[in-house]
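Here is the structure we will look at, set down as structure tokens.
All values derive from a computational prediction rather than experimental measurement.
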Amino acid sequence: MEGKRIEVINPYNDEQVERINDFCLHHDLENVAKDLLSKKKFKETGFSFLNPIFEGYLALFGRDNKVKDFCKFHAERDIKQCFLSFPNIKQKHRELVDLALLYTFNELGMETTIISLDKEDHSLRTSLEHHGFSLVSDDEDGTAFVVSKEDEIEFDKKGVRTL
């Protein structure tokens, strides 16, 4: 894990936006940089304790400072629930899953997190099932699992369990 970090992508940080743009192009994904730049137009300045909704993108940066994975999050403070959405990038090990859960539970103070993934993301689905996450939805639109802060999720000593 040394040299790797997660960050909330700041739409005002052109370098971060460019790096997530490169990642999307490399993996043939819908470009989220457009969504980030639209937030910039509306002058959204991040988390506010007055705003009950916090949303954005979490990215895992590697040692080379390139985006290795990302997810979209939508957190609702009043119900203490967060929604994480992961793109299908065909990776066997998704370190960001655990890091995003740690972020939602420890940094945002959420009690429950719902993880949604592409119907075709079989490796992430298998890993989530194997680690005991509860399946809540499985239809033609996608798959969703729920994790509660009270669930006994085991993380390794570095705070990462590779899935």
In this structure, would [X] and [Y] fall into the same cluster of hydrophobic residues linked by side-chain contacts under 4.5 Å?
X	Y	answer
Ile79	Val146	no
Phe105	Phe83	no
Phe73	Val97	yes
Val147	Leu108	yes
Phe61	Leu36	yes

Problem set entry | Contact list for residues 100-115, test side-chain hydrogen bond (donor to acceptor under 3.5 Å, both in side chains), sequence neighbours left out | Thr104-Thr113
Atom [atom1] in [X], atom [atom2] in [Y]: separation rounded to 0.5 Å?
X	Y	atom1	atom2	value
Thr143	Asp118	OG1	CG	8.0 Å
Ser123	Ile89	OG	CD1	8.5 Å
Cys82	Glu55	SG	CD	10.0 Å
Leu60	Asp98	CG	CG	11.5 Å
Phe133	Leu128	CZ	CG	5.5 Å
Ile6	Leu102	CD1	CG	7.5 Å

For this session: Tell me, please, which residues at least two apart from Asp78 pass salt bridge (charged side-chain N to carboxylate O under 4.0 Å, His left out).
Result: none
Results of side-chain hydrogen bond (donor to acceptor under 3.5 Å, both in side chains) for [X] - residues two or more places apart only:
X	value
Gln16	Glu7
Glu76	His74
Lys72	none

Seminar exercise, completed: Residue pairs passing the salt bridge (charged side-chain N to carboxylate O under 4.0 Å, His left out) test with at least one member in residues 120-148, sequence neighbours excluded, are Arg94-Asp121, Lys119-Asp138, Arg125-Glu129, Arg125-Asp138
Seminar exercise, completed: With sequence neighbours left out, the residues meeting side-chain contact (heavy atoms from CB on, under 4.5 Å) with Ala144 are Ile114, Val136, Ser137
What pairs of donor and acceptor atoms, side-chain ones from residues 18-26 against any protein atom, are under 3.5 angstrom apart with sequence neighbours left out?
unit_1	atom_1	unit_2	atom_2	d
Arg19	NE	Glu15	OE2	3.2
Arg19	NE	Asn65	O	3.2
Arg19	NH1	Asn65	O	3.1
Arg19	NH2	Glu15	OE2	3.0
Asn21	OD1	Asn31	ND2	2.3

Exercise. Taking the six-membered ring for Trp, are Phe86 and Phe70 ring centroids under 6.0 Å apart?
Worked result: no
Exercise. What are the two closest non-hydrogen atoms of Lys80 and Met110, and how far apart are they?
Worked result: C-SD, 3.5 Å
Problem set entry | For Leu58 against Leu96, the heavy-atom pair lying closest together | O-CD2, 3.9 Å
